Amino acid sequence: MSATTPLPRPAANLLPTARQCAVVAIFTLSLSWLLHVLSGTPYLGVFGRIGFIGAALLMAYSIAGGVHPRWMGPGPARLAAVVLTAPVAALVTALATQRGRFLAYLGDTQTLVGHVFMVVLSIFFGVLFSLVAMRNERKARERADQLGIELEKNRLERELLDARLRMLHAQIEPHFLFNTLSNVEALVAAGSPNAGPVLRHLIAYLRAAMPRLNDADATLETELQLVRSYLELMQLRMPDRLRFTVSAPAGAGTLRFPAMALLTLVENAIRHGIDPNIDGGSIDVGGRLDDTAGKLVLWVHDTGKGMSETAQPGTGLSNLRTRLHAFYGDGARVDLHEVEPHGLRVELHFYAGGKA
């Protein structure tokens, strides 16, 4: 069965529910007491007859809902079963109570009128209770169908979200990897003696980083570890031009966080801020958690070349915004601030609990 194939409805239950039994029992007890008071007939005798008729009508209602002709729906079948069962059940009670006096019972006008009155009462209340029960069942089915629709909608939304995240990861992974390898290529082309150590550190770093690229359970702490390792690698490439600090906001280390999100910002800071700047610069990665509101702010602050006036947001920032919205809701945002005299500060704002 495919994920989108609707589940079949369960087979109709031929037995009445506990609630239906309780309602019929309470009603027959009350009606028996009322008829006992009005007629002066012993209560147990009245209750025996009313109780038997009520039980027979309830069974007829339940069975007709599951076993009925193809040309008749369950609703009409139930009503027909109740109407037909009422006189039969009343006749059975008369036979059981009168036994050898049954013909004399029918011959007496007063008792015959009482019997007909019992049949009419049975039909009236049987039909009334059937209509109420079918209305309640219809509402219960509608609620169940609505719940099923909502569950299916939520499942499809989760699948769509997972697909979007996988697509974004697929875009980010080669973007990050190729940019890092281009740095190593530039170092080798320049004949730097640091090329060998940098390449060894890169291999070790990639071995640690690659398993985490698609880690759905990545946390802010693991992300900061990757950022620190990456910056240490870049510092080997330009030891005199790069300084950095990485600090974690207290109490937020175990927060679920989209893998590679901060790393993308740090890589952009190196590539577009520190590398083009003759004097290099520093990179500060940190955050602040507001315990009261649960709002978290993370930042990547560099003192590099800054943002060009003609610069346009790239794929990395666009993907980052989309992933933050997927993780934390539409209230999450990415802010860019120019820093005087030069540099750029990128801030991620979101609620740790995913509130808007």
Side-chain angles (χ1 to χ4, degrees), residues 158 161-162 164-173 175-177 179-180 204-235 242-271 273-274 282-302 314-337 344-356:
R158 287 197 303 272
L161 177 59
D162 290 341
R164 291 179 65 191
L165 289 176
R166 285 194 297 270
M167 180 187 70
L168 294 173
H169 274 127
Q171 292 176 353
I172 290 172
E173 290 166 19
H175 173 74
F176 163 74
L177 179 59
N179 284 349
T180 305
Y205 170 76
L206 290 177
R207 281 177 178 170
M210 292 304 288
R212 300 183 185 179
L213 293 177
N214 286 314
D215 187 2
D217 298 323
T219 63
L220 180 58
E221 182 179 2
T222 59
E223 179 73 7
L224 290 173
Q225 290 174 357
L226 286 177
V227 167
R228 187 176 290 106
S229 299
Y230 176 80
L231 287 172
E232 289 172 351
L233 177 63
M234 292 298 101
Q235 195 174 44
L242 174 62
R243 300 171 301 281
F244 70 88
T245 58
V246 178
S247 58
T254 58
L255 174 68
R256 184 169 172 261
F257 190 79
M260 310 290 289
L262 276 179
L263 198 59
T264 299
L265 296 179
V266 172
E267 184 208 15
N268 283 342
I270 292 288
R271 183 176 180 82
I274 306 300
S282 62
I283 294 179
D284 174 43
V285 181
R288 179 180 67 257
L289 175 64
D290 184 346
D291 292 330
T292 304
K295 185 176 182 179
L296 186 63
V297 180
L298 301 176
W299 61 76
V300 175
H301 180 161
D302 73 80
T315 302
L317 283 178
S318 176
N319 284 346
L320 178 56
R321 287 191 175 93
T322 303
R323 297 178 69 203
L324 282 180
H325 288 167
F327 264 70
Y328 304 115
D330 293 337
R333 70 179 196 270
V334 181
D335 293 343
L336 278 68
H337 305 282
L344 185 67
R345 180 184 178 94
V346 184
E347 295 182 349
L348 310 181
H349 295 258
F350 55 91
Y351 287 92
K355 297 182 294 184

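The basis for the numbers below is simple: all heavy atoms, side chains too, and nothing from hydrogens, waters or symmetry mates. Keep in mind that this is a model prediction, so the values were computed, not measured.
Taking the side chain as every heavy atom from C-beta outward, Val266 and Leu231 approach each other to under 4.5 Å. Within the 4.5 Å cutoff, side-chain heavy atoms of Leu348 are placed close to those of Leu262. The shortest distance between side-chain heavy atoms of Leu320 and Thr264 does not fall below 4.5 Å.
Side-chain N or O atoms of His301 include none that pairs as donor or acceptor with a backbone N or O of Leu344 at under 3.5 Å. Counting only distance, with no hydrogens or angles, the side chain of Arg243 and the backbone of Gln235 share no donor-acceptor pair below 3.5 Å.
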Are Trp299 and Leu265 close enough, and set up right, to give a side-chain contact (heavy atoms from CB on, under 4.5 Å), and what steps lead you there?
CA-CA 9 Å; Trp299 61 76; Leu265 296 179; over 6 Å; no
Does Arg333 form a side-chain contact (heavy atoms from CB on, under 4.5 Å) with Asp335? I'd like the steps, not just the answer.
CA-CA 7 Å; Arg333 70 179 196 270; Asp335 293 343; 2.8 Å; yes
Where do Met234 and Phe244 land on the side-chain contact (heavy atoms from CB on, under 4.5 Å) test, with the steps shown first?
CA-CA 10 Å; Met234 292 298 101; Phe244 70 88; over 6 Å; no
For Phe350 and Lys295, run side-chain contact (heavy atoms from CB on, under 4.5 Å): C-alpha distance rounded to whole Å, both residues' side-chain angles, the deciding distance at 0.1 Å, then the answer.
CA-CA 6 Å; Phe350 55 91; Lys295 185 176 182 179; over 6 Å; no
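In plain terms, the two heavy atoms of Leu226 and Leu263 that are nearest each other are O-CD1, 3.9 Å. The heavy-atom pair separating Thr219 from Thr254 by the smallest distance is CG2-O, 3.9 Å. The two residues Ser247 and Leu224 come nearest to each other via the heavy atoms O-CD1, 4.3 Å.
The side-chain hydrogen bond (donor to acceptor under 3.5 Å, both in side chains) search around Glu347 returns Arg345, His349, not counting sequence neighbours. Qualifying side-chain contact (heavy atoms from CB on, under 4.5 Å) partners for Ala252, counting only residues two or more places apart in sequence or in other chains: Leu220, Pro249, Leu289, Leu296. With sequence neighbours excluded, the residues satisfying side-chain hydrogen bond (donor to acceptor under 3.5 Å, both in side chains) with Ser282 are Thr303. Legend: residues meeting salt bridge (Lys or Arg N to Asp or Glu O under 4.0 Å) with Arg288, ordered by chain and number and at least two apart, are absent.
Shown are Val285, Val246, Leu233; of these, the side chain to side chain contact (heavy atoms under 4.5 Å, CB included) with Arg228 is made only by Val246.
Going from atom CG of Leu242 over to atom CD of Glu232 covers 11.0 Å, rounded to the nearest 0.5 Å. Rounded to the nearest 0.5 angstrom, Thr245 OG1 and Asp284 CG are separated by 3.5 Å.
Taking the six-membered ring where tryptophan is involved, the planes of Phe257 and Tyr328 are tilted, since the angle between them lies from 30° to 60°.
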